[in-house]
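A quick write-up on the structure given underneath.
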Amino acid sequence: MTSAIPHAEKFVAREHFKEDIASSAPVRISWLGATFAQRFTNKVEDDSGGASLQTFILSAASSDKEILAKLGQSHESRLADVWCALRRQSSGSNGPLEVNAKPNVFYVRDSAGELGAVDVLWGGVGWEIGASPVGDKPRWPGGTRVFSR
């Protein structure tokens, strides 16, 4: 499965990732985790052209390191990719992202250039967006969708 990512000049994370569950919100976000806010909301990404996102569904519980090894060179996504995926399912409609309380995981570099796991989960009234350091403990359950370029 692929998701087309539209062309943009610069992607300023703080202009997009805000808690807002109003029906008029571009993406209904009910919760931004402290780690996500601290590591990612100050990020500005330059346009790197369009990209297609590939979707992988974990067959068993896996750690970030195991997932990254399987994905190889194309493991990284951008915050703009995460935002575009959320825009397509802004109110929790069906699509490439899981909306059944299972996490959707993207590997994104934060404002300091460190790779982190960004997970988005539909919480019923809005998206819950968290982030965590990349680790080697299995914490993503089987059935988790992982997105990469």
Side-chain angles (χ1 to χ4, degrees), residues 3-58 61-68 71 74-141 143-149:
S3 306
I5 304 298
H7 193 66
E9 299 273 319
K10 282 200 184 291
F11 181 82
V12 181
R14 83 170 70 72
E15 292 175 5
H16 299 281
F17 290 98
K18 305 176 215 187
E19 290 178 7
D20 184 353
I21 58 168
S23 57
S24 59
V27 173
R28 290 167 68 184
I29 297 175
S30 58
W31 181 79
L32 281 181
T35 303
F36 179 86
Q38 178 186 357
R39 290 182 62 183
F40 292 94
T41 54
N42 288 329
K43 189 165 184 197
V44 176
E45 294 174 339
D46 288 322
D47 173 34
S48 67
S52 289
L53 290 181
Q54 307 297 319
T55 307
F56 302 91
I57 299 173
L58 299 181
S62 303
S63 71
D64 295 312
K65 295 207 165 145
E66 291 166 332
I67 296 166
L68 292 170
L71 295 178
S74 64
H75 64 270
E76 274 185 51
S77 297
R78 299 165 52 241
L79 280 179
D81 300 335
V82 178
W83 179 256
C84 289
L86 291 171
R87 278 287 303 211
R88 292 180 150 199
Q89 292 172 250
S90 62
S91 298
S93 56
N94 286 331
L97 297 173
E98 281 283 5
V99 291
N100 62 2
K102 282 192 179 151
N104 299 279
V105 180
F106 299 80
Y107 291 97
V108 182
R109 293 212 175 265
D110 65 14
S111 48
E114 297 265 325
L115 191 64
V118 172
D119 61 287
V120 301
L121 185 117
W122 178 251
V125 295
W127 290 98
E128 299 174 4
I129 303 172
S132 52
V134 169
D136 50 17
K137 289 193 183 96
R139 61 185 168 138
W140 304 114
T144 296
R145 290 190 188 181
V146 178
F147 294 82
S148 68
R149 287 185 143 220

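Keep in mind it's a predicted model, so treat the numbers as computed, not measured.
A pairwise comparison of heavy atoms in T144 and P141 identifies OG1-O, 2.6 Å as the closest pair. The minimum heavy-atom distance between F40 and G116, with the atom names listed, is CZ-CA, 4.4 Å.
Using a 4.5 Å heavy-atom threshold, the side chains of Y107 and V146 count as touching. Looking at heavy atoms from C-beta onward, R145 lies out of side-chain contact with P103 at the 4.5 angstrom threshold. For the pair S90/W127, no side-chain contact is recorded, criterion being any heavy-atom separation below 4.5 Å from C-beta on. Contact of the F56 side chain with the S148 side chain is registered, since non-hydrogen atoms from C-beta on lie closer than 4.5 Å. With contacts defined as side-chain heavy-atom distances shorter than 4.5 Å, the pair L68/L115 qualifies. For the pair L121 and K102, the minimum side-chain heavy-atom distance is 4.5 Å or more. Annotation: side chain of I129 is in contact with side chain of I29 (closest heavy-atom distance under 4.5 Å). The closest side-chain heavy-atom distance from S77 to L53 is below 4.5 Å.
Under the 3.5 Å distance criterion, the side-chain polar atoms of E45 are matched with a main-chain donor or acceptor of L79. Judged purely by atom type and a 3.5 angstrom limit, E19 uses its side chain to pair as donor or acceptor with the backbone of L32. N104 places a side-chain N or O within 3.5 Å of a backbone atom of V120 that can act as its donor or acceptor partner. Q89 places no side-chain N or O within donor-acceptor distance of the main-chain N or O of L86, the cut-off being under 3.5 Å. Counting only distance, with no hydrogens or angles, the side chain of S111 and the backbone of R39 share a donor-acceptor pair below 3.5 Å. Of the possible donor and acceptor atoms, one in the side chain of K43 sits under 3.5 Å from a partner among the backbone N and O of R109.
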With salt bridge (charged side-chain N to carboxylate O under 4.0 Å, His left out) as the test, would you mind laying out the steps for D81 and R149 before giving the verdict? CA-CA 9 Å; D81 300 335; R149 287 185 143 220; 2.9 Å; yes
Does the ring pair (Phe, Tyr, Trp, His ring centres under 6.0 Å) test come out yes or no for F17 and F36, once each step is laid out? CA-CA 10 Å; F17 290 98; F36 179 86; 5.1 Å; yes
Checking F11 against V44 for the side chain to side chain contact (heavy atoms under 4.5 Å, CB included) test, could you report, in this order, the C-alpha distance in whole Å, the side-chain angles of both residues, the deciding distance, and whether it holds? CA-CA 6 Å; F11 181 82; V44 176; over 6 Å; no
Derivation and outcome, side chain to side chain contact (heavy atoms under 4.5 Å, CB included), residues V105 and W140: CA-CA 9 Å; V105 180; W140 304 114; 3.7 Å; yes
Test side chain to side chain contact (heavy atoms under 4.5 Å, CB included) applied to R14 and N42, step by step: CA-CA 6 Å; R14 83 170 70 72; N42 288 329; 3.4 Å; yes
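Between the NZ atom of K18 and the OG1 atom of T41 there is a distance of 11.5 Å, given to the nearest 0.5 Å. Here the straight-line distance linking atom OG of S62 with atom CD1 of I67 works out to 5.0 Å at 0.5 Å rounding.
Classification of R139 and D64 as a salt-bridged pair holds, one side-chain N sitting under 4.0 Å from a carboxylate O. Taking 4.0 Å as the cut-off between side-chain N and carboxylate O, R28 and D20 do not count as a salt-bridged pair. Electrostatic pairing of K10 and D46 counts as a salt bridge here, judged by a charged N lying under 4.0 Å from a carboxylate O.
By the 6.0 Å contact criterion, CG on N94 is open, its count of non-hydrogen atoms from other residues, nucleotides or ligands being 12 or less.
Below 30°, between 30° and 60°, or above 60°: for F106 and F147 the angle between ring planes is below 30°, a parallel geometry.
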